[in-house]
J.: 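The structure that follows is given in the form of structure tokens.
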Amino acid sequence: MELSKNFIPGAVETKWYQHWIDQGYFHSVPNDKPAYTVVIPPPNVTGVLHMGHCLNNTIQDILVRRARMQGMNPCWVPGTDHASIATEAKVVAMLRERGIAKSSLSREEFLSYAWEWKEKYGGIILQQLRKMGCSLDWERTSFTMDPDYYETVIKVFIDLYKKGKIYRGKRMINWDVKAKTALSDEEVIHKEVNGKMYHIKYKLDLPGDEYITIATVRPETIFGDTAICVHPKDPRYTHLVGKHAFVPMINRRIPIIADDYIEIEFGTGALKVTPAHDINDFQLGQKHGLEVIDTMNDDGTMNDAAPMYLGKDRIEVRKIIAADLEAAGNLVKIEDYVNQVGFSERTDAIVEPRLSLQWWVDMKQLAAPALEKVMSDEIHFHPAKFKNVYRHWMENIKDWCISRQLWWGHRIPAWYDKEGNVYVEASLEKVYTTYPETVGKELYQDADCLDTWFSSWLWPIEVFKGMSNPNNAEINYYYPTSTLVTAPEIIFFWVARMIMAGEEYMGKIPFKDVYFTGIVRDKQGRKMSKSLGNSPDLLGLIDQYGADAVRFGIMIASPAGNDLLFDESTLEQGRNFNSKLWNATKLLKMWEPRQSKEGVVPEDAAFAMDWFQAKLSATQLEVDEMLKTFRLSEALKTIYGLIWDDYCSWYLEWIKPGFEQPIHATVFEKSIEFYDALLQLLHPFMPFITEEIHHTLKTQTEDLCVKELAPISKVDESVLHAGVLLKNVISTLRDARNKNQIKPKDTIELHIQSDNNTAYQRIQNILAKQINAKSIAFTNTAIGSSIVVALEKDKFYLVADQAIDTASLKENLLKDLAHQKGFLESVEKKLANEKFVQNAKPEVIAIEQKKKADALARIQTIEESLAQL
RNA sequence: GGGAGCAUAGCUCAGUUGGUUCAGAGCAUCUCGUUUACACCGAGAGGGUCCGCGGUUCGAGCCCGUGUGCUCCCA
């Protein structure tokens with residue numbers, strides 16, 4: 001069979017993915033084997049695959065595929081999140097394009113558009129995961145708004161309400177004026193913004209023309225001012241406390257109060273207090289019993305508290321108010337000022353603090369066990385540094401605002417009567433049953449939805465129907481899940497809350513290990529984002545390089561828990577690795593028809609096979625350990641080196657038969673076997689090409705995808721060491737050839753002077769081949785007119801046809817000699833140090849003594865070589 | 001303002017409880033080379049005051065203190 005010149009990924013990938021699906025390899029049912037369960041962090045239902053997903057899902061696939069090959073029963077559950085605010089925003093935008101305003105639709109009409117949208121775009125991201133080769137159990141695809149899931153979310157709300165852990169309260173919340181909804185603290189992104197500090201003077205309610213000057217970055221909020229506050233010990237203002245001032249432009253009279261919350265040094269030392277629009281002002285207002293005047297509508301425009309700006313956006317007002325204040329004679333000055341401003345994660349609108357009646361979860365009790373499980377390492381965080389971050393948050397946890405003023409999501413199961421009484425139940429019928437006093441009353445349901453995370457925190461439970469069908473066989477088998485792979489940015493949003501839900505509703509942790517991936521950044525270290533346009537098109541990259549190369553590229557640059565700087569050159573490296581694998585296959589296939597069964601295996605090939613077996617086993621052990629400790633990037637690097645350097649560059653060259661010579665059948669078989677073992681080791685990282693080559697090498701009885709790893713054979717340390725020596729000799733002699741400008745085609749004669757000839761006898765054919773020597777001889781004496789190379793205690797004489805550059809040879813030897821002598825000196829100094837000899841461990845001293853002996857021997861060798869020149 | 005983390009070769013990172021020939025890898029760089037697997041390649045080489053300063057120790061990239069620079073989270 002003639003193999004194509006290069007490996008072409010496209011068709012191969014489609015073929016094998018379909019085959020794996022047809023064979024049902026990714027579908028799991030409970031059985032006798034140990035379960036290895038992973039639930040996907042559900043991407044937004046309308047999302048498209050980006051680099052973050054690529055990294056995250058590649059890692060999960062590696063873990064799952066590895067588990068499959070280790071004979072476990074892996075189950076990787078796919079699914080999507082309804083992502084209430086993001087999806088609703090998209091639907092609203094889509095409707096706007098069609099000329100439909102959300103406000104013109106009923107809730108039911110809007111939701112039918114939303115479902116239509118979900119059906120149309122909802123599957124895209126899951127299709128894209130198939131392209132990447134993800135071995136997900138598609139029969140288990142879940143959605144956070146599936147009927148059972150929906151009911152479970154409602155059930156949890158009611159349960160927590162009845163336990164007194166959910167309450168309704170008027171609090172300062174973060175208001176997204178674009179989406180017209182409350183946001184949790186975690187959904188607000190703080191950014192530094194260049195703004196202005198306005199100094200504004202308020203006329204005092206005193207005889208004469210006296211003023212007090214305040215400083216603010218938000219002059220448009222003055223209409224909500226209900227006090228001015230100063231520090232009680234500020235000598236500038238003590239005489240004014242208890243007096244009153246007038247808000248500019250509207251001339252509303254407000255008191256001047258004192259509180260040590262004020263920083264004397266900041267601004268003018270006098271603070272305008274606006275309880276409706278600032279969290280700190282709100283607290284101050286509560287303490288001093290101040291009035292709360294809301295000056296804004298829910299879309300961020302000014303209301304009738306600011307009659308002259310009615311209907312204008314607050315940001316717009318900030319720009320024009322300075323001129324009006326100036327005209328009114330109240331503006332003192334404007335300074336440049338940098339401050340932190342909160343933006344909505346979803347809509348990028350500037351978040352407004354706003355007083356509002358919302359639903360809250362009391363977090364204190366839920367947090368305690370969840371903190372303990374992580375601190376005690378019952379749940380392992382990788383890397384462990386995130387334990388600190390987690391602890392800090394959990395110890396300072398605040399109540400969770402769970403209501404969102406949206407329609408797309410799980411509608412809050414609360415009904416109100418005209419008097420404002422609240423009845424929480426799953427349906428109106430149930431309300432009438434549970435609360436007989438409501439019978440005959442007209443009730444209306446809360447219009448709001450629950451925060452998306454209020455459904456996702458049940459994900460590892462409800463994908464197995466652990467709550468809608470408690471104690472079923474699946475939840476008992478698959479839960480707790482094994483490993484969660486996610487981004488550190490959602491450690492509080494999601495990870496912490498899943499642990500709480502697990503403890504509360506299953507009485508068990510939801511997962512044993514959490515692997516935090518880094519954030520994918522561009523070459524310059526910037527976070528990838530749509531607005532920067534630095535997020536590459538993943539499917540385009542897969543088309544260009546192949547899925548295996550993309551997986552390779554993203555994993556090789558991805559240290560655990562550190563951000564990864566994405567650079568397309570690693571994808572090239574991945575594609576080159578594909579080529580290397582393919583070319584090695586071509587070489588093996590070339591030898592296939594030229595096998596000979598005659599005679600015994602040549603001694604050098606026997607050595608090569610022994611060596612590679614030892615190297616393979618040793619590396620398999622290393623990789624095993626690395627994967628156990630989630631050092632995936634290192635494992636991939638190790639496998640890459642084993643294949644490229646040890647197998648291709650060394651082993652295949654060592655066993656390579658001469659020009660048009662046959663290869664011994666035993667050697668050929670063994671080489672195929674080795675290669676297959678390498679493919680198996682690599683398979684979790686690069687599933688497509690490894691499966692393809694596995695079947696190209698020979699007729700296989702099973703697919704690599706489900707082939708169980710064989711036990712690792714014992715490592716023969718001595719042959720491993722012999723291999724190191726051989727590689728060392730080859731490199732050193734090649735270097736000597738290079739330095740003496742011996743052309744690659746020119747042969748040399750090699751004479752070896754050693755105490756241990758037998759060590760070289762077994763490998764001399766390999767050595768001859770690798771350094772292009774026409775003969776190898778052993779000698780007890782120096783060989784004249786040769787290039788002398790010293791390695792450890794042995795000497796090598798290279799006899800070439802061309803003239804030898806004795807001067808440079810001598811120079812090199814002298815350099816080496818000086819180096820060795822310096823080294824010897826430092827070792828001797830150490831050994832002469834009494835304190836060292838007294839304190840150091842015996843094995844450390846033994847090592848130093850060996851160093852000394854070796855250095856002495858080496859100096860002798862070099863001196864002898866010099867004498868011969 | 002509070003908290004967490006990072007600083008090792010041009011770049012991205014390893015470096016296990018302080019102790020092997022005097023700090024490793026991949027990529028990049030340089031030199032040589034198209035001999036039938038592979039130029040998406042082969043052979044070889046160069047490159048580091050382990051951020052500064054101080055301390056503990058016989059011995060520090062690793063431990064302690066301190067300074068500087070950067071990143072992230074929270075207010």
Side-chain angles (χ1 to χ4, degrees), chain A residues 3 5-7 185-186 188 190 263 279-280 340 342 383 385-393 395-396 398 488-489 491-492 519 521 523 525 527 545 549 556-567 569-570 572-591 625 629 631 633-634 636-638 640-641 644-645 648-649 652-653 656 659-660 730-732 734-739 741-745 770-772 792 819-820 822-824 826-827 829-841 843-848 850-852 854-855 858:
Chain A
L3 297 181
K5 185 171 184 318
N6 290 313
F7 177 71
D185 288 345
E186 289 76 20
V188 178
H190 294 269
E263 275 179 60
I279 178 77
N280 294 313
Q340 294 281 324
K385 66 178 179 186
F386 288 110
K387 277 170 76 177
N388 285 331
V389 181
Y390 181 80
R391 189 187 56 208
H392 189 251
W393 192 75
E395 283 175 352
N396 297 288
K398 284 183 255 161
E489 31 189 17
I491 187 168
F492 311 127
I519 295 166
R521 299 174 178 279
K523 244 178 168 170
K527 210 166 157 175
Y545 296 96
I556 202 83
S558 180
N562 278 354
D563 289 357
L564 87 115
L565 302 184
F566 178 75
D567 184 344
S569 70
T570 61
E572 247 170 73
Q573 200 187 339
R575 187 197 52 196
N576 295 351
F577 189 33
N578 271 346
S579 295
K580 191 68 183 180
L581 290 164
W582 192 242
N583 282 315
T585 312
K586 283 196 323 201
L587 180 64
L588 289 166
K589 294 307 274 187
M590 219 178 79
W591 292 341
E625 186 56 34
T629 49
R631 289 177 294 162
S633 181
E634 267 182 85
L636 177 57
K637 278 179 196 165
T638 305
Y640 176 76
W644 198 302
D645 299 329
C648 293
S649 295
L652 286 180
E653 293 301 329
K656 192 182 256 182
F659 185 59
E660 300 205 324
I730 292 169
S731 296
T732 309
R734 277 172 173 172
D735 184 33
R737 288 185 56 123
N738 243 349
K739 290 227 166 85
Q741 289 167 349
I742 298 171
K743 295 242 162 60
K745 276 183 190 168
Q770 294 265 277
I771 62 166
N772 199 14
E792 297 195 8
H819 175 80
Q820 291 297 330
F823 175 70
L824 179 65
S826 76
V827 174
K829 214 165 134 190
K830 209 181 219 182
L831 284 169
N833 183 333
E834 266 179 47
K835 284 186 177 168
F836 172 71
V837 181
Q838 276 166 18
N839 293 316
K841 281 178 269 181
E843 55 269 33
V844 174
I845 295 171
I847 286 162
E848 291 300 319
K850 182 170 184 300
K851 280 193 211 169
K852 183 180 167 182
D854 288 352
R858 186 136 168 74

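Each chain gets a letter, A, B and so on, in the order its sequence line appears, and its residues count up from 1.
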J.: Is A/T585 touching bases, backbone alone, or none of the nucleic acid, heavy atoms closer than 4.0 Å?
T.: nothing
J.: Could you check A/K637 against A/E634 for salt bridge (charged side-chain N to carboxylate O under 4.0 Å, His left out), going step by step and ending with a plain yes or no?
T.: CA-CA 5 Å; A/K637 278 179 196 165; A/E634 267 182 85; over 6 Å; no
J.: Which residue lies toward the 5' end of RNA chain B, A/K656 or A/E848, if each is placed at its nearest nucleotide?
T.: A/E848
J.: Using a cut-off of strictly less than 4.0 Å, decide whether A/Y390 has a side-chain nitrogen or oxygen near OP1 or OP2 of B/G3.
T.: no
J.: Between A/K398 and B/A75, is there a contact of a side-chain N or O with OP1 or OP2 at under 4.0 Å?
T.: yes
J.: Taking atom P in both B/G15 and B/U29, compute the distance separating them and give it to the nearest angstrom.
T.: 27 Å
J.: Examine B/G44: is either OP1 or OP2 under 4.0 Å from a nitrogen or oxygen in the side chain of A/S731? Give yes or no.
T.: yes
J.: It should be established whether A/N388 places a side-chain nitrogen or oxygen under 4.0 Å from OP1 or OP2 of nucleotide B/G5.
T.: yes
J.: Where the side chain of A/M590 is concerned, which of B/A4, B/U36, B/A43 is the nearest nucleotide?
T.: B/U36
J.: Taking only the side-chain nitrogens and oxygens of A/R734, find out if one of them lies under 4.0 Å from OP1 or OP2 of B/G44.
T.: yes
J.: Under 4.0 Å: is that the gap between some side-chain N or O of A/W644 and OP1 or OP2 of B/G42?
T.: yes
J.: A/K743 side chain N/O closer than 4.0 Å to the phosphate oxygens (OP1, OP2) of B/G33?
T.: no
J.: In whole Å, what separates the P atom of B/A25 from that of B/G48?
T.: 14 Å
J.: Determine whether any donor atom in the side chain of A/E653 lies under 3.5 Å from an acceptor atom in the base of B/A37, or the reverse, and answer yes or no.
T.: yes
J.: How long is the straight-line distance from CD of A/Q573 back to OH of A/Y545, given to the nearest 0.5 Å?
T.: 12.0 Å
J.: Treating A/S649 as the side-chain partner and A/W644 as the backbone partner, does any N or O pair qualify as donor plus acceptor under 3.5 Å?
T.: yes
